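See structure below.
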2 protein chains.
Amino acid sequence: MDSKQIGNLLQNIPDSDSIMRMAAVFQALQSETRLKILFLLRQKEMCVCEFEQVLSVTQSAISHGLRTLSQLDLVRVRREGKFTIYYIADEHFRTLIEMCLEHVEEKHEL
Amino acid sequence: MDSKQIGNLLQNIPDSDSIMRMAAVFQALQSETRLKILFLLRQKEMCVCEFEQVLSVTQSAISHGLRTLSQLDLVRVRREGKFTIYYIADEHFRTLIEMCLEHVEEKHEL
DNA sequence: TGAATATATGAACAAACGTTCACATATCAA
DNA sequence: TTGATATGTGAACGTTTGTTCATATATTCA
């Protein structure tokens with residue numbers, strides 16, 4: 001492999017910032033708790049105390065998980081009186097979640 | 001939220017095994033080195049010594065990274081004499097990689 | 001055979017992670 | 001105001017991660 005080809009290969013991968021951003025997103029998706037949060041949010045907007053009823057982790061763990069997701073702008077927040085309501089940030093990301101779901105459901109049919 | 005609705009929400013998230021599998025895949029995609037490996041493999045099949053010329057990590061790190069990816073069946077291996085050639089496992093996964101690429105390129109245009 | 005090249009692997013270690021605990025803050029209702 | 005409910009946050013802790021180093025294995029070629 002000559003240096004020309006090496007340069008070519010390197011030019012066709014995302015730049016360092018993009019790679020870092022992607023790594024950060026995937027690492028947020030790597031936690032089972034956060035994945036469950038997202039598959040719940042896919043169904044409806046939810047506040048922390050609702051997650052608490054569904055997931056078997058502490059309120060603190062949920063809160064930390066949601067913070068990770070919202071720092072990456074994968075979920076967003078709306079305050080409604082006593083409650084803090086979380087929802088999927090955009091249709092782009094919702095599509096990704098739906099794709100994951102389709103994918104696992106497909107595997108189940110084999 | 002009544003217990004009926006809780007049950008409903010839980011029924012519509014992937015089962016525990018699927019969640020675990022997904023978490024494992026995302027966790028493989030969370031490493032910058034492994035992401036770079038995949039964006040290179042998207043362009044052409046490669047052996048370890050070629051990765052070595054392109055990436056600035058040790059041969060050992062590349063080998064470990066490739067093992068992680070192939071254990072999850074995201075990349076596959078073919079022996080060719082002295083060389084071990086790695087390639088993207090299937091079109092399904094290739095599509096995912098292409099989607100990531102499109103996504104970051106799109107962001108760049110803003 | 002022996003030297004060179006290509007790859008794999010296990011141990012080690014620092015860094016990062018996810019959870020819980022304890023506590024702080026905020027909002028509502030009385 | 002006070003008590004109850006909802007949520008956020010930092011520290012702590014055990015666990016897992018990614019890399020490197022050292023070494024082992026495998027293949028080719030002379």
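Residue numbers begin at 1 in each chain, while the letters A, B, ... track the order of the sequences. The structure presented is a predicted model; accordingly, all values stated were derived computationally and were not measured.
- A sub-4.0 Å separation between OP1 or OP2 of D/dG8 and a side-chain N or O of A/Y86 is present.
- With rounding to whole Å, B/I62 atom CD1 is found 11 Å from C/dT7 atom C1'.
- Atom-to-atom, CE of B/M20 to C1' of D/dT16 comes out at 14 Å; the value is rounded to the nearest Å.
- For A/V57, taking side-chain heavy atoms from C-beta onward, the closest of the listed nucleotides C/dA6, C/dT20, D/dA6 is C/dT20.
- Residue B/T33 is in sugar-phosphate contact alone, with no base atom involved, counting any heavy-atom pair closer than 4.0 Å across all strands shown.
- Remark: the backbone N or O of B/I85 is not paired with any side-chain donor or acceptor of B/E45 at under 3.5 angstrom.
- Looking at the side chain of A/V48, the nearest of the listed nucleotides D/dG8, C/dC21, C/dA8 is D/dG8.
- Residues A/A28 and B/C49 each lie close to DNA chain C; by heavy-atom proximity, the contact nearer the 5' end of the strand is made by B/C49.
- Listed in residue order, the members of residues 34-42 of chain B having a heavy atom less than 4.0 Å from DNA chain C come to none.
- Closest to the side chain of A/F83, from the set D/dG18, D/dG8, D/dA6, is D/dA6.
- The side chain of B/S60 approaches D/dC21 more closely than any other nucleotide in the set D/dC21, D/dG10, C/dA8.
- A donor-acceptor pair under 3.5 Å is absent between the side-chain atoms of B/R34 and the main chain of B/K36, judged by distance alone.
- The distance from atom CD of A/Q71 to atom P of C/dA16 is 15 Å, rounded to the nearest whole Å.
- Remark: the backbone N or O of A/R42 is paired with a side-chain donor or acceptor of A/R94 at under 3.5 angstrom.
- As a whole-Å value, the separation of A/L66 CG from D/dA6 P is 16 Å.
- Side chains of B/I37 and B/M46 form no contact here, defined as non-hydrogen atoms less than 4.5 Å apart.
- At whole-Å resolution of the value, CD in A/E32 and P in C/dC17 are 17 Å apart.
- Which of D/dT28, D/dT17, C/dT19 sits closest to the side chain of A/H64 comes down to C/dT19.
- Protein atom CD1 of A/I19 is 15 Å distant from nucleotide atom P of D/dG18, rounded to whole Å.
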Item to check | Candidate pair A/F26 and B/C100, rule side chain to side chain contact (heavy atoms under 4.5 Å, CB included), full reasoning | outcome: CA-CA 11 Å; A/F26 285 129; B/C100 292; 3.7 Å; yes
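- Distance A/Q59 CD to C/dA24 P: 15 Å, rounded to the nearest Å.
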Checklist entry - Taking it one step at a time, do A/F51 and A/L41 satisfy side chain to side chain contact (heavy atoms under 4.5 Å, CB included)? => result CA-CA 9 Å; A/F51 286 116; A/L41 282 184; 3.5 Å; yes
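- The CD-C1' distance, from B/E52 to C/dA6, rounds to 9 Å in whole Å.
- A/E105 places no side-chain N or O within 3.5 Å of a backbone atom of A/E102 that could act as its donor or acceptor partner.
- You won't find any donor-acceptor pair under 3.5 Å spanning the side chain of A/Q27 and the base of C/dA16, going by distance alone.
- One finds a side-chain N or O of A/Q30 lying less than 4.0 angstrom from the OP1 or OP2 phosphate oxygen of C/dG18.
- Residue B/S63 is classed as a base contact, given a heavy-atom separation below 4.0 Å to a base.
- When distances are taken from the side chain of A/R67 to each of D/dT7, D/dT17, D/dT9, the shortest belongs to D/dT9.
- In this structure a side-chain-to-backbone donor-acceptor pair under 3.5 Å is present from B/R76 to B/A89.
- Here the side chain of B/K82 is nearest to one of D/dA6, C/dA6, C/dA8, namely C/dA6.
- At a threshold of 4.0 angstrom between heavy atoms, the contacts of B/F51 with the nucleic acid are absent.
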